[in-house]
Undergrad: 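To start, I am sharing the structure in question, which I have written as structure tokens.
Lettering follows sequence order; numbering is per chain, from 1.
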Amino acid sequence: RKEVEQDPGPFNVPEGATVAFNCTYSNSASQSFFWYRQDCRKEPKLLMSVYSSGNEDGRFTAQLNRASQYISLLIRDSKLSDSATYLCVVSNDYKLSFGAGTTVTVRA
Amino acid sequence: EAGVVQSPRYKIIEKKQPVAFWCNPISGHNTLYWYRQNLGQGPELLIRYENEEAVDDSQLPKDRFSAERLKGVDSTLKIQPAELGDSAVYLCASSNRAPNPDTQYFGPGTRLTVL
């Protein structure tokens with residue numbers, strides 16, 4: 001079983017739509033959680049950390065459910081520039097485990 | 001501030017040939033990581049350095065892969081001999097203990113094709 005599992009998508013949404021997706025993780029001792037963004041043929045970049053209380057960064061909202069071991073990301077008012085692969089990342093003792101990514105395509 | 005620098009950006013080699021990748025982390029970052037990313041997958045850790053010490057190399061295929069980080073700054077990852085299955089993007093990342101050691105900054109990667 002993979003340590004981090006994600007729905008690969010793709011999620012194909014129109015501009016202005018809301019899109020949400022989850023990932024699950026297997027190690028209940030995981031300490032920190034993140035979403036990274038990876039554009040096509042580029043390196044991953046940190047999008048946001050994820051906290052148990054939930055957190056927002058502009059149009060992005062992340063939630064963590066430790067009991068069910070899943071993490072979610074919601075994008076409101078999608079922009080063309082949000083088209084990317086979103087990697088769910090879990091940390092245990094500073095070792096990051098990456099999911100395979102969820103691909104989001106925003107169309108005009 | 002300059003980001004993580006990697007070279008070369010692309011490399012095409014025949015199987016059984018050796019290949020080396022170079023990484024220069026962000027200035028002042030003590031921790032350096034090498035990852036391999038296969039198509040359609042997330043990055044997978046190969047080795048993590050704290051300064052010049054390899055603190056986690058459990059996922060490094062040691063029969064053909066080697067790495068070094070002399071003087072705790074630049075790092076080199078080598079494959080000898082390369083196999084077809086080594087075709088992937090090799091990513092270097094660095095982080096600092098403060099303010100958040102979990103925040104890793106990635107270089108642009110080296111895209112390796114083994115023919």
Side-chain angles (χ1 to χ4, degrees), chain A residues 1-11 21-27 29-52 55 57 62 64 71 73 84-105, chain B residues 2-7 9-10 21 23-26 29-51 53-60 88-113:
Chain A
R1 181 185 175 187
K2 291 183 179 179
E3 192 160 344
V4 182
E5 304 249 22
Q6 290 185 250
D7 180 346
F11 288 79
F21 41 89
N22 305 330
C23 80
T24 58
Y25 61 95
S26 60
N27 186 349
S30 298
Q31 297 145 346
S32 303
F33 308 88
F34 309 89
W35 284 102
Y36 274 69
R37 171 193 169 128
Q38 187 169 27
D39 294 316
C40 188
R41 301 179 75 87
K42 299 287 189 180
E43 70 273 21
K45 291 184 179 178
L46 178 65
L47 178 66
M48 60 195 300
S49 300
V50 187
Y51 305 113
S52 296
N55 49 298
D57 184 358
L64 167 64
I71 306 157
L73 182 66
T85 296
Y86 292 85
L87 301 169
C88 179
V89 184
V90 170
S91 173
N92 192 1
D93 287 336
Y94 311 128
K95 179 176 178 178
L96 299 189
S97 296
F98 288 77
T102 297
T103 298
V104 173
T105 302
Chain B
V4 177
V5 179
Q6 290 189 247
S7 69
R9 293 293 309 279
Y10 304 91
F21 316 123
C23 172
N24 179 248
I26 292 172
H29 280 196
N30 300 311
T31 311
L32 183 146
Y33 311 79
W34 282 103
Y35 290 88
R36 176 170 59 189
Q37 186 172 22
N38 292 307
L39 190 63
Q41 300 297 315
E44 294 178 326
L45 181 69
L46 292 173
I47 189 168
R48 173 166 69 100
Y49 282 93
E50 291 288 347
N51 299 305
E53 182 183 357
V55 295
D56 184 356
D57 63 356
S58 57
Q59 302 301 311
L60 189 72
V89 176
Y90 290 82
L91 293 161
C92 179
S94 69
S95 66
N96 210 351
R97 292 200 184 95
N100 187 344
D102 276 329
T103 301
Q104 298 185 16
Y105 298 87
F106 285 82
T110 297
R111 187 172 298 272
L112 174 68
T113 301

Undergrad: Heavy-atom count check: over 12 atoms from other residues, nucleotides or ligands less than 6.0 Å from B:E44 CD?
TA: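 Counting neighbours around CD of B:E44, 12 or fewer heavy atoms of other residues, nucleotides or ligands fall under 6.0 Å, so no.
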
Undergrad: Is chain B contacted by the side chain of A:N92, its backbone, both, or neither, given a heavy-atom distance below 4.5 Å?
TA: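 The answer is neither part of A:N92.
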
Undergrad: To the nearest 0.5 Å, tell me how far A:E43 CD sits from B:Q6 CD.
TA: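 Answer for the CD-CD pair, A:E43 versus B:Q6, is 8.5 Å.
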
Undergrad: Within a 6.0 Å radius of atom OH on B:Y49, are there more than 12 heavy atoms belonging to other residues, nucleotides or ligands?
TA: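 Atom OH in B:Y49 is crowded, with more than 12 foreign heavy atoms closer than 6.0 Å.
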
Undergrad: Once you round to the nearest 0.5 Å, how far does CG of A:L96 lie from OG of B:S95?
TA: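 Separation between the atoms: 8.0 Å.
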
Undergrad: Looking at A:R41, A:Q38, A:Q31, A:Q6, which has the largest count of heavy-atom pairs under 4.5 Å with chain B?
TA: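 Ranked by contacts with chain B, first place is A:R41.
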
Undergrad: Go through the atoms of B:Y33 and report whether side chain, backbone, both or neither lie under 4.5 Å from a heavy atom of chain A.
TA: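 Only the side chain of B:Y33 comes within 4.5 Å of chain A.
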
Undergrad: Identify the heavy atoms of A:L87 and B:P43 that sit nearest to each other, and give their distance.
TA: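 Minimum heavy-atom separation between A:L87 and B:P43: CD1-CD, 4.2 Å.
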
Undergrad: Can you tell me which of A:G101, A:P44, A:S32, A:P8 forms the most heavy-atom pairs within a distance under 4.5 Å of chain B?
TA: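 Winner by heavy-atom pair count: A:P44.
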
Undergrad: Is it true that B:Q104 and A:K45 share a donor-acceptor pair across their side chains at a distance under 3.5 Å?
TA: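 A:K45 vs B:Q104: no donor-acceptor pair found between side chains.
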
Undergrad: Could you grab the distance from atom CZ of A:F98 to atom CG of B:L45, nearest 0.5 Å is fine?
TA: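 Answer for the CZ-CG pair, A:F98 versus B:L45, is 9.0 Å.
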
Undergrad: To the nearest 0.5 Å, what is the distance between OG (B:S58) and NZ (A:K95)?
TA: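 Rounded to the nearest 0.5 Å, the OG-NZ separation comes out at 4.5 Å.
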
